[in-house]
Amino acid sequence: MFSSDEERKEKIEERLKETQKVFGYVFDKFTILNIYKLFTSGTIGKFEFPIASGKESLVFAASKKDKFYAVKIYKTVASTFKNIERYAGQRWGVENTGNKRKFIVQWAHREFRNLNLASDAGVLSPRPIKVVGNILVMQYIGTKRVPAPLMKDCNITKEIVEQTLGEMRTLYIKAGLVHGDLSEYNFLIYRRKPYMIDIAQAIQTDDVMSTVLLQRDIGIMTRFFNKFGYKLDEAKVLKYTTGGSDVFS
Ligand SMILES: Nc1ncnc2c1ncn2[C@@H]1O[C@H](COP(=O)(O)OP(=O)(O)O)[C@@H](O)[C@H]1O
Ligand SMILES: [Mg+2]
């Protein structure tokens with residue numbers, strides 16, 4: 001009895017520490033003000049539950065009446081900001097002037113724009129709803145009880161493989177973009193379909209870097225799928241993704 005009380009107390013203290021950390025890193029004044037704007041503009045009415053907490057962002061499910069949204073909050077005071085920082089420069093249209101907040105705001109807007117390009121082109125990805133400062137509101141992928149799982153935690157059927165390659169192809173041909181950070185961690189599986197997420201760093205296909213990034217994406221996805229016994233050939237996948245004939249034929 002006693003030890004379980006102790007254990008519970010320790011757990012609570014641990015969680016409290018974690019909460020304080022999250023509050024310090026995420027809910028600075030600027031972020032709180034932007035959340036406030038989301039409420040006053042009527043974009044969202046309520047936070048439902050947290051979905052994920054990463055190095056650079058936190059994602060929540062929120063709702064307005066009966067409709068659910070995903071709210072991605074980029075941390076403006078995160079200490080582990082290096083991952084995003086490497087994307088500074090003309091290509092990504094984000095300037096690193098040393099002003100972290102400004103940079104992050106540009107980054108959130110960049111993700112909004114890329115999501116727009118992707119979903120307009122018919123790629124399965126969350127439709128962007130609104131971006132306010134460092135906060136991006138988008139279509140929520142999942143049910144009211146649980147968010148859609150990541151591809152890494154799902155059963156990889158041939159249909160999933162085909163559809164995923166199809167989404168990559170549509171992104172390339174129709175949206176004119178290369179994702180640049182694809183993996184089984186950046187696809188959600190919902191109603192047995194793959195949804196591409198986390199697309200801020202995507203670049204245009206006419207960029208000099210696009211081939212390298214496309215090869216990288218294709219290498220990672222091909223190796224992942226082949227772990228399940230598929231025998232995809234990277235060169236063929238590359239050809240297919242950029243407009244060539246079917247990879248399975
Ligand atoms: N639109 C969405 N609907 C449901 N869950 C989402 C959505 N967008 C992101 N997530 C969840 O939040 C996590 C982090 O989002 P992501 O955009 O990949 O940011 P990060 O840069 O932290 O990887 C994802 O792994 C996924 O579980
Ligand atoms: Mg991600």
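Each ligand, and each atom within it, is numbered from 1 in the order the structure gives. Treat the numbers as computed from the prediction; the structure is a model and nothing was measured.
Close approach of ligand 1 to Lys72 (heavy-atom distance below 4.0 Å) involves ligand atoms 16 (P), 17 (O), 19 (O), 21 (O). The atoms of ligand 1 that sit less than 4.0 Å from any heavy atom of Ala70 are 1 (N), 2 (C), 3 (N). For ligand 1, the atoms lying closer than 4.0 Å to a non-hydrogen atom of Ala52 are 12 (O), 13 (C). Residue Leu150 approaches ligand 1 through these ligand atoms, each under 4.0 Å from one of its heavy atoms: 25 (O), 27 (O). Every atom of ligand 1 with a heavy atom of Ser57 under 4.0 Å away is listed here by number and element: 19 (O), 20 (P), 22 (O). Set against the non-hydrogen atoms of Gln139, the atoms of ligand 1 under 4.0 Å away are 1 (N), 2 (C). Annotation for ligand 1: atoms under 4.0 Å from non-hydrogen atoms of Asn186 are 18 (O). For ligand 1, the atoms sitting less than 4.0 Å from at least one non-hydrogen atom of Pro126 are 1 (N), numbered in the order shown with element in parentheses.
Within the set Ile197, Leu58, Val137, Leu136, the minimum heavy-atom distance to atom 24 (C) of ligand 1 is found for Ile197.
Contact check on Lys239 versus Asp233 returns no salt bridge, with no Lys/Arg side-chain nitrogen under 4.0 Å from an Asp/Glu carboxylate oxygen.
Between the side chains of Tyr74 and Glu111, at least one donor-acceptor pair of N or O atoms lies under 3.5 Å.
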Let me have the donor-acceptor pairs involving side chains of residues 184-191, under 3.5 Å, with sequence neighbours excluded, atom names and distances please.
unit_1, atom_1, unit_2, atom_2, d
Asn186, ND2, Asp181, O, 3.0
Asn186, ND2, Asp198, OD2, 3.4
Tyr190, OH, Gly142, O, 3.4

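If you check which protein heavy atom lies closest to atom 4 (C) of ligand 1, you get Ile141 O, 3.3 Å. In terms of protein heavy-atom proximity, atom 11 (C) of ligand 1 is closest to Ile51 CG2, 3.7 Å. Nearest protein heavy-atom contact of atom 6 (C) of ligand 1 is Leu188 CD1, 3.8 Å. Closest protein heavy atom to atom 20 (P) of ligand 1: Asp198 OD2, 3.4 Å. The single protein non-hydrogen atom nearest to atom 15 (O) of ligand 1 is Val59 CG2, 3.7 Å, given as residue, atom name and distance. Closest to atom 8 (N) of ligand 1 among all protein heavy atoms lies Met138 CE, 3.5 Å.
Summarising the local packing, NZ of Lys144 is surrounded by more than 12 heavy atoms from other residues, nucleotides or ligands at distances under 6.0 Å. Counting heavy atoms of neighbouring residues, nucleotides and ligands inside a 6.0 Å radius, atom NZ of Lys193 does not exceed 12 of them. No more than 12 heavy-atom neighbours from other residues, nucleotides or ligands sit within 6.0 angstrom of OH on Tyr36.
Distances from the Mg ion (ligand 2) to each N, O or S atom of Asp198 single out OD2 as the nearest.
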*side chain to side chain contact (heavy atoms under 4.5 Å, CB included) evaluation trace for Met151 with Met221*: CA-CA 11 Å; Met151 183 183 275; Met221 294 315 296; 3.9 Å; yes
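Under the 6.0 Å distance and 45° angle rule, Lys67 counts as a cation-pi partner of Tyr69.
Note that the OG atom of Ser57 and the CG atom of Leu136 stand 9.5 Å from one another [nearest 0.5 Å]. Rounding to the nearest 0.5 Å gives a distance of 6.0 Å between CH2 of Trp107 and CD of Gln201.
For the pairing with Met168, the side-chain contact (heavy atoms from CB on, under 4.5 Å) check across His179, Gln163, Met196 returns one residue only, Met196.
With a cut-off of 2.8 Å, the Mg ion (ligand 2) has an N, O or S atom of Asn186 in range.
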